[in-house]
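Here's the structure we're looking at; comments come further down.
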Amino acid sequence: MTFASIVAAARAEGRTLLDEVEAKSILKEAGIPATAATLATTAAEAQSQADAMGYPVVLKVVSPDIAHKSDAGGVKLNLADRAAVAAAFDEIIANANKAAPGARIKGVSVQQMAKPGTEVIVGMTTDPQFGPVMMFGLGGIMVEVLKDVSFRVVPLEPKDAASMIDDIKGKPILDGVRGQPPADIEALRSTILGVSELVQAHPEIRELDLNPVFAYPDGALAVDARIVVSEAAS
Ligand code: ADP
Ligand code: MG
């Protein structure tokens, strides 16, 4: 599916929020590294998709009404085999129905379990005055509690992506502390620039969140993605 067809399909359903599967196929088209996710509507479908991808896998709820999937019991990590996938599928649907009664549930996404990395966030929001603005920060409590984030107005030049990373207080964590290897800063820069280029090419993207991106000593990989587009022009 191309960007245009994904956005058209969402708008036809009256949605502006693209789900993880849709957002990740847009990332793929844009060349931004992310774990590929497929949509399964039954446990058997999830199993055959997991078989094709290789274990371990991750299952997550896909619902336009559930923004924070783990809060709704909608994320199951590190599933080792077919039996674990079937059990996780049923559990996720039950949890989601309980946490968000009446939520529209499209199914469950299936993706490979990524190896652990340092969690960072790459995002874009639309500012009423400045237009698209990129955001970068360290994931988890660093962003939620300490608000350790940096911002740049789109379009970014390569040096802007580099200085965004340098600007966060937690930068030493990416440089490697206590014997930890340094994160691949070049790969993070390229993810930031890739998102900047993607949103510049598609002004209908209003918000984009890669939360988290795993930063590795060699490479970077988005494991969660969310995109909000504008309503169709009338
Ligand atoms: P949400 O933010 O909606 O709760 P996420 O997709 O971000 O859901 O998943 C929650 C957490 O699970 C992530 O922050 C990450 O730590 C972990 N996670 C998600 N997907 C993967 C994956 N493919 N591989 C490894 N860990 C993952
Ligand atoms: Mg997330």
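As the structure lists them, so they are numbered: ligands from 1, and atoms in each ligand from 1. Atoms considered below: every heavy atom in the structure, side chains included; atoms not considered: hydrogens, waters and symmetry mates. The first residue of the sequence shown is numbered 1, and numbering continues consecutively from there.
Using a 4.0 Å cut-off between charged side-chain N and carboxylate O, E22 and R15 make a salt bridge. Residues D167 and R152 are paired through a salt bridge, judged by an N-O separation under 4.0 Å between the basic side chain and the carboxylate. Comment: D224 engages K69 in a salt bridge, judged by a side-chain N to carboxylate O separation of less than 4.0 angstrom.
Screening the protein for N, O or S atoms under 2.8 Å from the Mg ion (ligand 2) yields 2; no waters enter the count.
For the pair E20 and ligand 1, the shortest N or O to N or O distance does not fall below 3.5 Å. Taking any N or O of K69, backbone or side chain, at least one lies under 3.5 Å from an N or O belonging to ligand 1. An N or O contact shorter than 3.5 Å links A114 to ligand 1 by distance. The shortest N or O to N or O distance between H68 and ligand 1 is not below 3.5 Å.
Of all protein heavy atoms, the one lying nearest to atom 26 (N) of ligand 1 is F214 CZ, 3.6 Å. Counting protein heavy atoms only, atom 13 (C) of ligand 1 is closest to P212 CD, 3.7 Å. Closest protein heavy atom to atom 4 (O) of ligand 1: S70 OG, 2.3 Å.
The contact set between ligand 1 and V58, taken as ligand atoms under 4.0 Å from a residue heavy atom, comprises 22 (C), 23 (N), 24 (N). Ligand 1 places these atoms under 4.0 Å from at least one heavy atom of N211: 7 (O). Residue-ligand proximity, Q111 to ligand 1, at heavy-atom distances under 4.0 Å covers atoms 23 (N).
By the definition of a contact as any protein heavy atom under 4.0 Å away, atom 11 (C) of ligand 1 is not in contact.
For the pair A67 and ligand 1, a heavy-atom separation below 4.0 Å is found. Remark: distances from the non-hydrogen atoms of Q112 to ligand 1 include one below 4.0 Å. Heavy atoms of E119 come nearer than 4.0 angstrom to ligand 1 in at least one pair.
To the nearest 0.5 Å, atom NZ of residue K171 and atom OG of residue S150 are 11.0 Å apart.
Contact annotation: for D71 versus ligand 1, there are no heavy atoms closer than 4.0 Å. Of all the heavy atoms of K60, the ones lying under 4.0 Å from any atom of ligand 1 belong exclusively to the side chain. If you look at V223 next to ligand 1, the close heavy atoms, those under 4.0 Å, come from the backbone and the side chain alike.
Residue pairs meeting the ring-ring contact (aromatic ring centres under 6.0 Å, His included) criterion with at least one partner in residues 188-213, sequence neighbours excluded, are F3-H202.
Judged by the 6.0 Å and 45° rule, K115 forms a cation-pi pair with Y216.
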Taking distance alone, no hydrogens or angles, what donor-acceptor pairs closer than 3.5 Å link side-chain atoms of residues 120-134 to residues at least two apart or in another chain?
unit_1 : atom_1 : unit_2 : atom_2 : d
T126   : OG1    : R206   : O      : 2.6
D127   : OD1    : Q129   : N      : 2.7
D127   : OD1    : F130   : N      : 2.8

Next item on the list: Show your reasoning for whether salt bridge (Lys or Arg N to Asp or Glu O under 4.0 Å) applies to R226 and E20.
Entry: CA-CA 6 Å; R226 177 180 167 274; E20 186 187 0; over 6 Å; no

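Using modelled atom types, one finds a donor on one side chain and an acceptor on the other under 3.5 Å when comparing S230 with R11. K106 and T41 are not linked by any side-chain donor-acceptor pair at a separation below 3.5 angstrom, with hydrogens and angles left out of the test. Between T38 and Q49, the side chains place a donor N or O and an acceptor N or O closer than 3.5 Å (distance only, hydrogens not considered).
One option in D224, V213, L77 has a heavy atom closer to atom 17 (C) of ligand 1 than any other, and that option is L77.
Exactly one of V108, N95, V61 qualifies for a side-chain contact (heavy atoms from CB on, under 4.5 Å) with K76. That residue is N95.
Contact of the L174 side chain with the L138 side chain is registered, since non-hydrogen atoms from C-beta on lie closer than 4.5 Å.
A continuous path of ILVMFWY side-chain contacts below 4.5 Å connects L198 to L188, so both sit in one hydrophobic cluster.
Through chains of ILVMFWY side-chain contacts below 4.5 Å, V228 is grouped with L17.
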